[in-house]
> 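The structure is given below, and queries will be raised subsequently.
Order of appearance sets the numbers: ligands from 1, and atoms from 1 within every ligand. The structure displayed is predicted, hence computed values, not measured ones.
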Amino acid sequence: MAETRQTGLPKGFRGAEQGWPELHRIPHPPRRLPLAGDVLGVDRRRPVQDSMRFGRELGPIFRRRAFGNEFVFLWGSRLVADLADESRFAKHVGLGIANLRPVAGDGLFTAYNHEPNWQLAHDVLAPGFSREAMEGYHGMMLGVAARLTGHWDRELAAGRAVDVPGDMTKLTLETISRTGFGHDFGSFERDRPHPFVTAMVGTLTYAQRLNSVPVPLAPLLLRGAARRNAADIAFLDRTVDGVVAARRRSGGGDGDLLDRMLDTAHPETGERLSAENVRKQVITFLVAGHETTSGALSFALYYLARHPEVAAKARAEVDRVWGDTAEPGYDQVARLRYVRRVLDESLRLWPTAPGYAREAREDTVLAGEHPMRRGAWALVLLPMLHRDPEVWGEDAERFDPDRFDAGAVRARPPHTFKPFGTGARACIGRQFALHEATLVLGLLLRRYELRPDPDYRLRVTERLTLMPEGLRLRLERRTAPAPAPVTVPDDGSGSAGRCPVHGAGE
Ligand code: MNH
C-alpha cells in the first residue's frame, strides 16, 4: 500500500464506519461538532486518557468522530474475548500504527497481514526469543543493569533524586541494542538522551498527532512538523545503516538478532530478508524493544515507591530467592514470582502499549450483537479492559499485585489481561521484556529503598505509548544485609513452551 509523500498517511486511510451496518446502536459522546466531531473538552496530547473518559461515560463499546472519520473503541471483556478469535479476526494496521509505516515500513510490527515479509521475518526471528537465546542475553542484561546501578549510586552519593523514565529508557535502549545488535549507544555516559531516542520520540509523537488533524489539511497544518519528522526518520535510517555496516565489516556477531536478519535463510523456503527490510526490522526492534519496557519499569517503580508494604514483600522475596549471590543466574529471575506480579499489576493499570486494533476477516457478528462487514475494525482500549468491573471488581483502580497470584489468574476468564496483544501478531518480545524487567526490579529492590516525592501526582504522558511524566525518586542504600540463600525447588515454570513466542498461556 502506497503512502502519501507529505504526511506519511497511508492512502485510503479511513475511519471504521463503513464496516458497521448498525453503527447507530453504538453510543457516542453527546456534544458533536458538525465538522470536527467529538473534540469538545478533548486533550489532543492525551488521546488514550480521553478515550478512557469517554469509555467510562459511554460503556464497553463506543465511537468517536474526528474530522469526518468515525472510530469504534471497545473494552468490555466479552467483546475483547470475541475479538481474540483468530478464525474471524486479525490484527488491523490502522490509526497510530499505520502512521508509523514511513518509519518502520514492512517491519514485523507495522507489516500488513498480507505482506509476505511478515511470515518470513517472524519465522527467521522467532528463534531469537527462544529460551536458549534468552539465556544468552542474560549476562548482557546484567551488564547493562550494572551501568544503571553505577549511575544511581553516583546520584545517591550526590544527594540527587533519580529521573526514573529517563534512566529506564537508557537501560532498555542499551539492553536491546547490545543483546540484539551488539551496539553500544553509550546512554549512561551522556547527560542528555541519545539523539536516536530524541528522533524516535519525535516520530512517535508525530504519528500520534497525525490522528488529531483533519486528513486533507494535514499537509498544511503539519508542514513544519512533517519536515522535522522526515529528518527524524532519516536520522534513524542513518543510525541503523551504521550499525549494519559495522556488523558487515566485522564479519558477524555471536548469532544475535542482527546476525539472524543478515544471514539466516528461512528454514523451509530458503528466502532471506532484503537489505531494505533489515533496515526496517532493526528500527522496529530498537523502538518496540525499549520504549514500552521502559514505561513498564517506570510505572512499576512508581507503584513500589507508593506502596512500601508491597516493596517490602517483593524485597523479602528477592532476598529469599537470590540470597547474596552477586549476580543472579538466568533461572533465578523467573522465580521472583511476587516481583513479576508487581510488574503484571503495573501493566494492568498502565499497559504501556495501550491498545491494538482488530479487523473482521469475513462478515461476522461481534459477540452476537454487533454486525461487522469484512474489513471492519475496532480499537481495543487496554487500560479500560484492565479496569472492567465485571472482571476486576469495583476496586479495579486499586493497585494490588495479589490479583496475579496463580489462583486468582486461573479464576479469571481468558483474554482479560492483554498487555502484549493477541494471536499471531502478539508481541514477539514478551519473554524478553518480562525477563529484563523482572531482573532489573529485583536488582533495584535488593540495592535501594525507594522514597517517593510526597507532592508527586501521577501524570501519564502519551506518544502512542504511555509513560509516567516527570517521575523522580530519592534512593537510600539498604542497610540490612541480605540473609543466606535458601534453595527453592524448581517447578519448571521458568522454561518456555515449544513455540518460543506463543508458547506461554495468555
Ligand atoms: Mn512488543 C507487538 C506490547 C516489549 C517487539 N508488543 C506488540 C503488541 C503489543 C506489544 C500490544 C501487539 C500490537 C498490535 O497488535 O498491533 N511489547 C509490548 C509491551 C512490551 C513489549 C507492553 C513491554 C512491556 N516488544 C517488546 C520487546 C520487543 C518487542 C522487548 C523486542 C525485543 N512487539 C515487538 C514486535 C511486535 C510487537 C516486533 C510485532 C510482532 C508481530 O506483529 O509479529
> Is there a side chain to side chain contact (heavy atoms under 4.5 Å, CB included) between H183 and L258? Walk through the geometry before answering.
CA-CA 10 Å; H183 181 72; L258 185 53; over 6 Å; no
> T364 and side chain to side chain donor-acceptor pair (under 3.5 Å): which single residue from R373, R374, R88 fits?
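Only match with T364 under side chain to side chain donor-acceptor pair (under 3.5 Å): R88.
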> Do the ring planes of F196 and F185 sit parallel (below 30°), tilted (30 to 60°) or perpendicular (above 60°)?
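Rings of F196 and F185: tilted, 30 to 60°.
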> Which protein residues have a heavy atom closer than 4.0 Å to any atom of ligand 1, listed by chain and number?
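Within 4.0 Å of ligand 1, the protein residues are K91, I97, L108, F109, W118, F129, I176, F285, A288, G289, T292, T293, A296, T352, A353, Y356, P419, F420, G421, R425, A426, C427, I428, G429, F432, A433.
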> Which of these passes ring-ring contact (aromatic ring centres under 6.0 Å, His included) with F404: Y338, F417, F399?
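Only one option passes, and that is F417.
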> Can you tell which of L210, T203, T110 makes a side chain to side chain contact (heavy atoms under 4.5 Å, CB included) with N99?
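Exactly one candidate clears the test, L210.
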> Less than 6.0 Å separating the ring centroids of F432 and Y137?
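Ring centres of Y137 and F432 closer than 6.0 Å.
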